[in-house]
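In what follows, a single structure is set out as structure tokens and then discussed.
Note that the numbering runs from 1 along the sequence shown for the chain. Just so you know, these numbers come straight off a predicted model, no measurement behind them.
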Amino acid sequence: MNIFRNSNESNDSRVLENKIRTQQKLIEEYYKNFEKMYPDKEPHDYLAEIWLSRSASYGLDPHTTESQIAAYSFTADFACMPIINGIKALAFYIFYKENESLIEDDINIQRALSETQVNKEFEKLMKPVYEAHDNETWFDLYSKYNPNHAKEMNENV
């Protein structure tokens, strides 16, 4: 699937910015719906549900154990920040993953994407998470936003 109507669009960081912002709004709506349906859940649960919903739209069964594990694995880093920031970062990541082959095959798209404000936001949002991985404090950061999951993980070790 080509995300651009013509090749000139792929060189325009504003077009990419708009497409990603649209994706963020959609994912925020997913989150609001999940939060209403499951108010007692933690941020990681909502992010995993968003991932599963997107995966289901590509024909994957969101109810399999493998899908559930993948969803929680793919969204773990995004659960290490306030939920609204996690949604923004996840939306950018999903946009990238859904268009990965197109982006990686075209230097103009790569350049345009790197110039977007969304890309800069993503880097800023993810910096503490990457640092936590490097400093081996990731679990502490995760625990701050997902205390119940963290407690369960500690009990299962």
Quiz item: Do other residues, nucleotides or ligands put more than 12 heavy atoms under 6.0 Å from Glu136 CD?
Solution: no

Practice problem: Measure the OG-NE2 distance between Ser143 and His149 for me, rounded to the nearest 0.5 Å. | Solution: 11.5 Å

Self-check item: Least distance between heavy atoms, Leu52 atom then Ser67 atom
Solution: CD2-O, 3.5 Å

Quiz item: Do side-chain atoms of Asp45 reach the backbone of Glu42 as a donor and acceptor pair under 3.5 angstrom?
Solution: yes

Quiz prompt | Under 3.5 Å: donor-acceptor pair, side chain of Thr137, backbone of Asp140 | solution = no

Quiz item: Distance from Ile27 atom CD1 to Trp51 atom CH2, nearest 0.5 Å?
Solution: 9.5 Å

Quiz item: How many angstroms lie between atom CD1 of Ile20 and atom OG1 of Thr116, to the nearest 0.5 angstrom?
Solution: 5.0 Å

Quiz item: Are Ile107 and Leu16 in one and the same hydrophobic cluster, where Ile, Leu, Val, Met, Phe, Trp and Tyr link if side-chain heavy atoms are under 4.5 Å apart?
Solution: no

Quiz item: For Ile103, does its backbone N or O pair with a side-chain atom of Gln110 as donor and acceptor, under 3.5 Å?
Solution: yes

Self-check item: Within 6.0 Å of NZ in Lys120, more than 12 heavy atoms from elsewhere
Solution: yes

Practice problem: Find out whether Gln24 and Val118 are in side-chain contact, i.e. whether some heavy atom of one side chain is under 4.5 Å from a heavy atom of the other. | Solution: yes

Quiz item: What is the minimum heavy-atom distance between Ala150 and Phe139, and which atoms define it?
Solution: O-CZ, 3.4 Å

Quiz item: Are Glu49 and Lys41 close enough for a salt bridge, meaning some N to O gap below 4.0 Å?
Solution: no

Self-check item: Glu35 and Lys32 ion-paired at < 4.0 Å
Solution: no

Exercise. Taking all non-hydrogen atoms of both residues into account, name the closest pair between Ala89 and Met126 and its distance.
Key: CB-SD, 4.0 Å

Quiz item: Between His44 and Tyr72, is there a donor-acceptor pair closer than 3.5 Å when you use the side chain of the first and the backbone of the second?
Solution: yes

Exercise. For the pair Arg14 and Glu17, find out whether any cationic side-chain nitrogen is under 4.0 Å from an anionic carboxylate oxygen.
Key: no

Practice problem: Using a 4.5 Å cut-off on heavy atoms from C-beta on, say whether the side chain of Glu66 contacts that of Asp61. | Solution: no

Quiz item: Heavy-atom distance under 4.5 Å between the side chains of Phe92 and Phe78, does that happen here?
Solution: no

Quiz item: Where the side chain of Gln68 meets the backbone of His63, is there a donor-acceptor pair that is under 3.5 Å apart?
Solution: no

Quiz item: What are the two closest heavy atoms between Lys88 and Glu121, and how far apart are they?
Solution: CD-OE1, 4.3 Å

Quiz item: Taking the inter-plane angle between the rings of Tyr38 and Phe34 on a 0 to 90° scale, is it parallel (under 30°), tilted (30 to 60°) or perpendicular (over 60°)?
Solution: parallel

Quiz item: Tyr93 vs Phe74 aromatic rings, parallel, tilted or perpendicular, using cut-offs 30° and 60°?
Solution: tilted

Quiz item: Going by atom types alone, do Tyr142 and Asp77 pair a side-chain donor with an acceptor below 3.5 Å?
Solution: no

Self-check item: Asn108 and Arg111 side chains, donor-acceptor separation under 3.5 Å
Solution: yes

Self-check item: Spacing of OG1 belonging to Thr22 relative to CG belonging to Leu26, to within rounding of 0.5 Å
Solution: 9.0 Å

Quiz prompt | Closest approach of Leu141 to Ala132 (non-hydrogen atoms, all atoms of both residues) | solution = CD2-CB, 4.0 Å

Exercise. Hey, could you give me the CZ/CG distance between Arg54 and Leu60, rounded to the nearest 0.5 Å?
Key: 12.5 Å

Quiz item: Which atom names give the shortest non-hydrogen contact between Cys80 and Trp138, and what distance separates them?
Solution: SG-NE1, 3.3 Å

Practice problem: Working to the nearest 0.5 Å, report the span between CG of Asn119 and OH of Tyr96. | Solution: 10.5 Å

Quiz item: Transitively linked via ILVMFWY side-chain contacts under 4.5 Å: Ile69 with Tyr46?
Solution: no

